[in-house]
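Heads up, the thing below is written out as structure tokens.
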Amino acid sequence: MTQTLYRFYWDVQRHGEIESLFIADDEQVAAVLGMKVYLGEVLGKHSDIQGTLDAEDLLIITQEPGIIADLRRVFSGDKINSYRFRNGTLCGINPLNCIIDDEGNEVEFPLKLTP
């Protein structure tokens with residue numbers, strides 16, 4: 001599995017913008033493309049941000065193993081961010097942790113992929 005540093009970005013018009021940086025396995029990301037993401041009221045009361053995660057929402061920053069390893073080492077050793085980084089999030093909201101099914105139930109991540 002290839003680890004990749006992604007940038008997530010949504011422009012939600014009048015409410016503002018959402019962006020984040022996270023590290024994830026390419027297979028996991030491919031598996032959630034097209035699924036619903038529910039971020040709630042992250043941009044203020046009544047913002048209720050949700051949508052479908054598309055490939056256009058993600059920018060691959062790097063797949064360089066050395067850079068990924070350095071980021072993992074630095075962020076996992078930071079006492080403030082180490083809890084958040086357990087799921088690969090460097091900053092912002094990781095959309096992979098906000099996937100919902102058609103009934104609005106949270107989908108556990110990482111997904112259990114079958115070969």
Side-chain angles (χ1 to χ4, degrees):
M1 282 188 263
T2 302
Q3 293 264 296
T4 301
L5 174 61
Y6 290 95
R7 176 183 180 250
F8 168 68
Y9 177 82
W10 268 356
D11 179 356
V12 285
Q13 286 91 31
R14 66 185 176 97
H15 293 293
E17 300 172 335
I18 297 188
E19 61 184 320
S20 63
L21 295 173
F22 64 92
I23 296 171
D25 294 328
D26 290 344
E27 292 176 359
Q28 291 286 329
V29 172
V32 298
L33 289 178
M35 295 180 81
K36 294 179 184 178
V37 175
Y38 179 72
L39 303 178
E41 296 181 339
V42 296
L43 294 176
K45 192 169 184 173
H46 306 298
S47 60
D48 197 36
I49 308 301
Q50 58 186 311
T52 302
L53 185 63
D54 297 317
E56 297 80 36
D57 302 328
L58 302 172
L59 172 68
I60 293 175
I61 296 177
T62 187
Q63 293 180 317
E64 177 62 41
I67 294 172
I68 301 293
D70 287 346
L71 288 169
R72 287 195 169 281
R73 182 180 44 79
V74 169
F75 276 84
S76 64
D78 181 339
K79 290 181 182 178
I80 295 171
N81 290 314
S82 64
Y83 175 76
R84 288 186 54 202
F85 187 68
R86 287 182 195 157
N87 61 21
T89 305
L90 299 176
C91 68
I93 298 172
N94 186 339
L96 304 184
N97 297 321
C98 303
I99 302 293
I100 59 172
D101 62 19
D102 292 333
E103 288 79 41
N105 301 312
E106 289 183 35
V107 175
E108 185 178 330
F109 188 83
L111 300 173
K112 295 180 179 41
L113 303 176
T114 55

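What you see below is based on every heavy atom in this structure, not just the backbone, and it leaves out hydrogens, waters and symmetry mates.
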Point-to-point distance, once rounded to the nearest 0.5 Å, from OG1 of Thr62 to CZ of Arg7: 15.5 Å

Close side-chain approach of Asn94 and Phe8, heavy atoms under 4.5 Å: no

In one Ile/Leu/Val/Met/Phe/Trp/Tyr side-chain cluster, 4.5 Å: Val74, Ile67: yes

For Met35 against Ile99, the heavy-atom pair lying closest together: CE-CG2, 3.6 Å

Shortest non-hydrogen separation from Ile23 to Gln3 and the atoms involved: CG2-OE1, 3.3 Å

Intermediate values then yes/no, side chain to side chain contact (heavy atoms under 4.5 Å, CB included), Thr4 and Val29: CA-CA 10 Å; Thr4 301; Val29 172; over 6 Å; no

Sequence-distant partners of Asp54, side chain to side chain contact (heavy atoms under 4.5 Å, CB included), two or more places apart: Thr52, Glu56, Asp57

Gap between atom CG of Leu58 and atom CG of Leu96 - 0.5 Å precision: 7.5 Å

Point-to-point distance, once rounded to the nearest 0.5 Å, from OH of Tyr9 to CD1 of Ile18: 10.0 Å

Interatomic distance, Asp11 atom CG to Gln13 atom CD [nearest 0.5 angstrom]: 5.5 Å

Sub-4.5 Å side-chain heavy-atom contact between Asn97 and Phe22: no

Leu59 reachable from Leu90 in the ILVMFWY side-chain graph, under 4.5 Å edges: no

Heavy-atom pair of closest approach, residues Ile100 and Val107: C-CG2, 3.8 Å

Residues, nucleotides or ligands: over 12 heavy atoms within 6.0 Å of Glu64 CD: yes

Point-to-point distance, once rounded to the nearest 0.5 Å, from CD of Glu19 to SG of Cys91: 7.5 Å

Shared hydrophobic cluster for Tyr38 and Ile49 (ILVMFWY, side-chain gaps under 4.5 Å): no

